[in-house]
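Every chain is numbered from 1 and lettered A, B, ... according to where its sequence line falls, protein lines coming before strand lines.
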Number of protein chains: 2
Amino acid sequence: MSPRTEEQYEEIRHEKRVLIMNTALELFAMHGYENTTISQIAKKAGISKGLLYNYFESKEYLLEAILNKGMDEVLEIFDPNKDGVLETYEMEFFINEIFKTVEKNRVFWRLYMAISLQPSVFKLVEKRIEELYEPMMQLMLGYFKNAGSANPFMDAIIFNSLLDGITLDYILKPDIFPIEDIKKELIHRFCIHKKTVS
Amino acid sequence: MSPRTEEQYEEIRHEKRVLIMNTALELFAMHGYENTTISQIAKKAGISKGLLYNYFESKEYLLEAILNKGMDEVLEIFDPNKDGVLETYEMEFFINEIFKTVEKNRVFWRLYMAISLQPSVFKLVEKRIEELYEPMMQLMLGYFKNAGSANPFMDAIIFNSLLDGITLDYILKPDIFPIEDIKKELIHRFCIHKKTVS
DNA sequence: TATCTTTGACCAAACGTTCAATCAAAAGTA
DNA sequence: TACTTTTGATTGAACGTTTGGTCAAAGATA
């Protein structure tokens, strides 16, 4: 009946979808969303312009799909069944996980930050950001409370800003930013000197 | 001969230039550079499209002028005749100055960060960034050395990232980010506990 | 009148998007 | 094996819209 089995079609579609999304992510992150044309994406992916529209309804839906996929991957950090309290050794694991994600998804973070800074497109990530920010802050609050901080709320916000700043600087200058050393330093400051943070 | 004196023309031109630049800055920062049209800028500024091109050669030159002016204002922080060493009380003054600049030029910082994240336009600010980064790092290095830090280089980088992160978070959520409290906390941590930073 | 500012209709280029036509491969047929 | 049918993936010229940029003409003032 059918020239190909449903599984075969499924695989073709999936592969092309991923190809388009990865290609677009790289271009969006490097040249900006508005500054990247559909033609550029199609050319770099080695397909036609029309095929892209067979997989994604519009340029904006393509961006949305990329952002959602990236956020899903990032949110996996919070996956393990936590009880809400971070012990010192867990904090070390957590910092490691964050840095691993930042280094692995460098290109995605660049796009994500650029989008965040553009209110007119910001709505596309707004809700997902809450998903990320909420558990992050809860975890940090719990940790600093547990560590005997005088002002856990302030400590959590500052730690969060520090991570944001490190991510930003690393994204902007990945070749010269000493991210490995910084990670060790953070672990040293926040995990070894238990209960004496400040 | 001439309908107006040279001074009169000078003032007209200067006022219009400033008007256009301020209007464009706001739109660029809010909707992004690529996403803002010349027509929008002209309309919001209450002038015609043609007049804008009487003052700025192109959209990109307009952006460049805005960025340069903003950077000039920011660089004024480093203006006072420093000897290169920051004493503790000077550090407090310095932090205050930085926060003042960030709060005053919030819109500019938003544009500046968005541009920095976009390599294809990044060349417009690349050189000015060095002008900002270089003295900043020197100042911080000197301070942490003077404060008896075990690793002044690492401390300087981390402090710099922290400031970047605070700026970013404040820009993204100016209404709920407790920037005043954070400023006080930073001063408390880095200025009062002299020589015991870590 | 002379001179500079200001206008907005106009233009070519570039963009996102569409769609009728083509292609490639598996299944059926003999 | 050789040929036909069938299906969904794939193509790219064409379309309408929007954009940055131009320019001849009008406005304003001493």
Query raised in the report: Between A:Tyr53 and C:dT18, does any side-chain N or O lie under 4.0 Å from OP1 or OP2?
Result: no
Query raised in the report: Does the distance from a Lys or Arg side-chain N to an Asp or Glu carboxylate O, for B:Glu130 and A:Lys173, drop under 4.0 Å?
Result: yes
Query - Test: A:Arg189 and A:Asp155 ion pair at under 4.0 Å - result: no
Query raised in the report: Rounded to the Å, how far apart are B:Gln40 CD and D:dT18 P?
Result: 12 Å
Requested in this report: Answer yes or no: does a side-chain N or O of A:Arg13 lie under 4.0 Å from OP1 or OP2 of D:dA9?
Outcome: yes
Query raised in the report: When all nucleic acid strands are considered with a 4.0 Å heavy-atom cut-off, which category describes A:Ser58: base, sugar-phosphate, or nothing?
Result: sugar-phosphate
Report task. Figure out the CD/P separation between A:Glu15 and D:dA9, and round it to whole Å. Result -> 14 Å
Query raised in the report: For D:dG12, does OP1 or OP2 lie under 4.0 Å from any side-chain N or O of A:Lys49?
Result: no
Query raised in the report: Given C:dC15, D:dG20, C:dT7, which nucleotide is nearest the side-chain atoms of B:Leu51?
Result: C:dT7
Report summary line: Note: for A:Thr37 and B:Gly50 on DNA chain C, the residue whose nearest nucleotide lies more 5' is B:Gly50
Query raised in the report: In whole angstrom, what separates B:Leu19's CG from C:dT5's P?
Result: 16 Å
Report summary line: Residue pair A:Ser48/B:Glu57 against DNA chain D: nearer the 5' end by closest nucleotide is A:Ser48
**Report entry** Short N-O contact, A:Lys123 and A:Glu60, less than 4.0 angstrom
**Finding:** yes
Query raised in the report: Nearest-Å distance, CG (A:Leu63) to P (C:dG16)?
Result: 13 Å
Query raised in the report: In whole angstrom, what separates B:Lys59's NZ from D:dT18's C1'?
Result: 12 Å
**Report entry** Closest nucleotide among C:dT17, C:dT6, D:dT11 to the B:Asn54 side chain
**Finding:** C:dT6
**Report entry** Distance test, side-chain N/O of B:Tyr55 to OP1/OP2 of C:dT6, below 4.0 Å
**Finding:** yes
Report task. Please state how far atom CG in A:Leu52 lies from atom P in C:dT18, giving the value in whole angstrom units. Result -> 12 Å
Requested in this report: Take B:Phe159 and B:Tyr143, measure what ring pair (Phe, Tyr, Trp, His ring centres under 6.0 Å) needs, and give me the verdict at the end.
Outcome: CA-CA 11 Å; B:Phe159 186 72; B:Tyr143 171 78; 7.7 Å; no
**Report entry** Closest approach of A:Ile171 to A:Arg110 (non-hydrogen atoms, all atoms of both residues)
**Finding:** O-NH1, 3.3 Å
**Report entry** Spacing between A:Ile38 atom CD1 and D:dG12 atom P, to the nearest angstrom
**Finding:** 16 Å
**Report entry** side-chain N/O A:Lys16 vs D:dT10 OP1/OP2, d < 4.0 Å
**Finding:** yes
Query - For atom CD of B:Glu60 and atom C1' of D:dG21, their distance in whole Å - result: 14 Å
